[in-house]
A.B. asks: 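Got a structure for you, written out below as structure tokens; questions coming shortly.
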Amino acid sequence: MAVRHYTLDFKLSAPVADIPATVRGVQPIFQEQEMTETLHDTEGHGYLATFIGKNGRFAVLRVHSHGLVTFDLQCCEGDDATQVDNLLNALEKKMKTLFHGNIKRSKRLPALRRGDKVDCYWPTADGRLVEYDIDEVVYEEDSVYQNIKILHSRQFGNILILNGDVNLAESDLAYTQAIMGSGKESYAGKEVLILGGGDGGILCEVVKLKPKMITMVEIDQLVIDGCRKHMRKTCGNVLDNLKGDCYEVLVEDCVPVLKKFAQEGRTFDYVINDLTAVPISTAPEEDSTWEFLRLILDLSIKVLRSTGKYFTQGNCANLTEALSQYEELLGRLSCPVDFSKELVCVPSYMELWVFYTVWKK
């Protein structure tokens, strides 16, 4: 059963002078709600009490000695929402009376929905929590590579989630355009290699630009299957068949494919890497991911024509240390390259995202 978690905070201009009097002032509110109080020893660090009431309600009231009052209330799904709202309103009103002009700031947040059948919370790349308006799980499968979900958002349409990370929503044409060069490139008559891209968005947009040939290498057939059915605003009909007039989709690991292309001397005008973002962390435990990025970069540059361009995503603009490490990596490739970058607002990411263009010097 899901739980709703409500929070109410009061930041005071000065510490509470008479904590017992404050507590006595709010106790009738809990008594009216038939909530039983248990006082806890804080060893001189303010006041801490828990309250248990009907329908499984559980609350924690804390008056911190440094001038912060916090209230947390947990209610089971199905609890009377009006009663809960009345409790919070009464407590907020009483606190404002008791503290008179001592309140510097009060904050009441929307309830956190914990344990819902449909999870709607994801952290941004830089560690902030975002709540999505998810109302339905439309697709979920576990492949040999990853957990795949497609969830419906009332605001963003269907969203592809891979291993718990938001990848792409039907609203995110800005992402696809940015990773293709933001409309500054001519794909007509060109040969294009797409690495990853199982949602079909890049493939769909490049096909419209009349290229000579697109080769797309996606490792996970189940991603293609899910997006073919549930992300059609993104992929159109290009995933209905793995071969078209100007494209072919290879369901394979891209590393051996890239090595094979390099050995054969096969080259491309554009290489678009949609495999993974730059790692959030620069810590040693991420070394394998950084090595993978370097391998893909080296192999991609080998199959890139001298006049060609390599496009990829970076990560959130706030991850300056990780992005700097990626840019240092670009300077240590087997072939000298130069690069530019662009900041783009991707709707469902709810953060500014960095995209790179790389070319041979």
A.B. asks: Mind checking whether Tyr356 and Tyr326 have ring centres under 6.0 Å apart?
C.D. replies: yes
A.B. asks: Applying the side-chain hydrogen bond (donor to acceptor under 3.5 Å, both in side chains) criterion to Tyr270, which one of Arg305, Glu191, Glu185 satisfies it?
C.D. replies: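 Considering Arg305, Glu191, Glu185, a side-chain hydrogen bond (donor to acceptor under 3.5 Å, both in side chains) with Tyr270 is found only for Glu185.
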A.B. asks: So, for Tyr310 and Trp359, is the gap between ring centers shorter than 6.0 Å?
C.D. replies: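 Tyr310 vs Trp359: aromatic centres not under 6.0 Å.
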A.B. asks: Any Lys/Arg nitrogen of Arg113 or Glu131 sitting under 4.0 Å from an Asp/Glu carboxylate oxygen of the other?
C.D. replies: yes
A.B. asks: Return the CD1 to CG distance between Ile214 and Asp245, rounded to the nearest 0.5 Å.
C.D. replies: 11.0 Å
A.B. asks: Could you measure the distance from the NZ atom of Lys302 to the NZ atom of Lys360? Nearest 0.5 Å is fine.
C.D. replies: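 Going from NZ on Lys302 over to NZ on Lys360, the span is 10.5 Å.
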A.B. asks: Is there a side-chain contact between Leu195 and Ile272, using heavy atoms and a 4.5 Å cut-off?
C.D. replies: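 Heavy-atom side-chain distance check fails, nothing below 4.5 Å.
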A.B. asks: Looking at SG of Cys204 and CD1 of Ile202, how far apart are the two atoms once the value is rounded to the nearest 0.5 Å?
C.D. replies: 11.0 Å
A.B. asks: In terms of side-chain geometry, is the basic nitrogen of Asp126 or Arg128 positioned less than 4.0 Å from the acidic oxygen of its partner?
C.D. replies: yes
A.B. asks: Step by step, would you call Thr215 with Phe268 a side chain to side chain contact (heavy atoms under 4.5 Å, CB included)?
C.D. replies: CA-CA 10 Å; Thr215 303; Phe268 298 86; 4.2 Å; yes
A.B. asks: Can a salt bridge be assigned to the pair Arg232 and Glu170 using a cut-off of 4.0 Å between side-chain N and carboxylate O?
C.D. replies: no
A.B. asks: I need the full list of side-chain hydrogen bond (donor to acceptor under 3.5 Å, both in side chains) pairs touching residues 24-33, with sequence neighbours left out, sorted by first then second residue.
C.D. replies: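 Listed once each, the pairs are Gln27-Glu37, Gln33-Arg57.
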A.B. asks: Kindly say whether the aromatic ring centers of Phe311 and Tyr175 come within a distance under 6.0 Å.
C.D. replies: no
A.B. asks: Can Met350 be reached from Val354 by stepping across I, L, V, M, F, W or Y side chains whose heavy atoms are under 4.5 Å apart?
C.D. replies: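 No, Val354 and Met350 fall in different hydrophobic clusters.
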A.B. asks: Of all residues at least two apart in sequence or in a different chain, which pass the side chain to side chain contact (heavy atoms under 4.5 Å, CB included) check with Asn86?
C.D. replies: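 By the side chain to side chain contact (heavy atoms under 4.5 Å, CB included) rule, Asn86 matches Thr82.
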A.B. asks: Please report the interatomic distance NZ(Lys11) to NE2(His64), rounded to the nearest 0.5 Å.
C.D. replies: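 So the NZ of Lys11 and the NE2 of His64 are separated by 9.5 Å.
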A.B. asks: Between Asp338 and Lys309, does any side-chain N to carboxylate O distance fall below 4.0 Å?
C.D. replies: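 Salt bridge flag = no for Lys309 with Asp338.
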A.B. asks: Do Ile224 and Val251 have side-chain heavy atoms sitting under 4.5 Å apart?
C.D. replies: yes
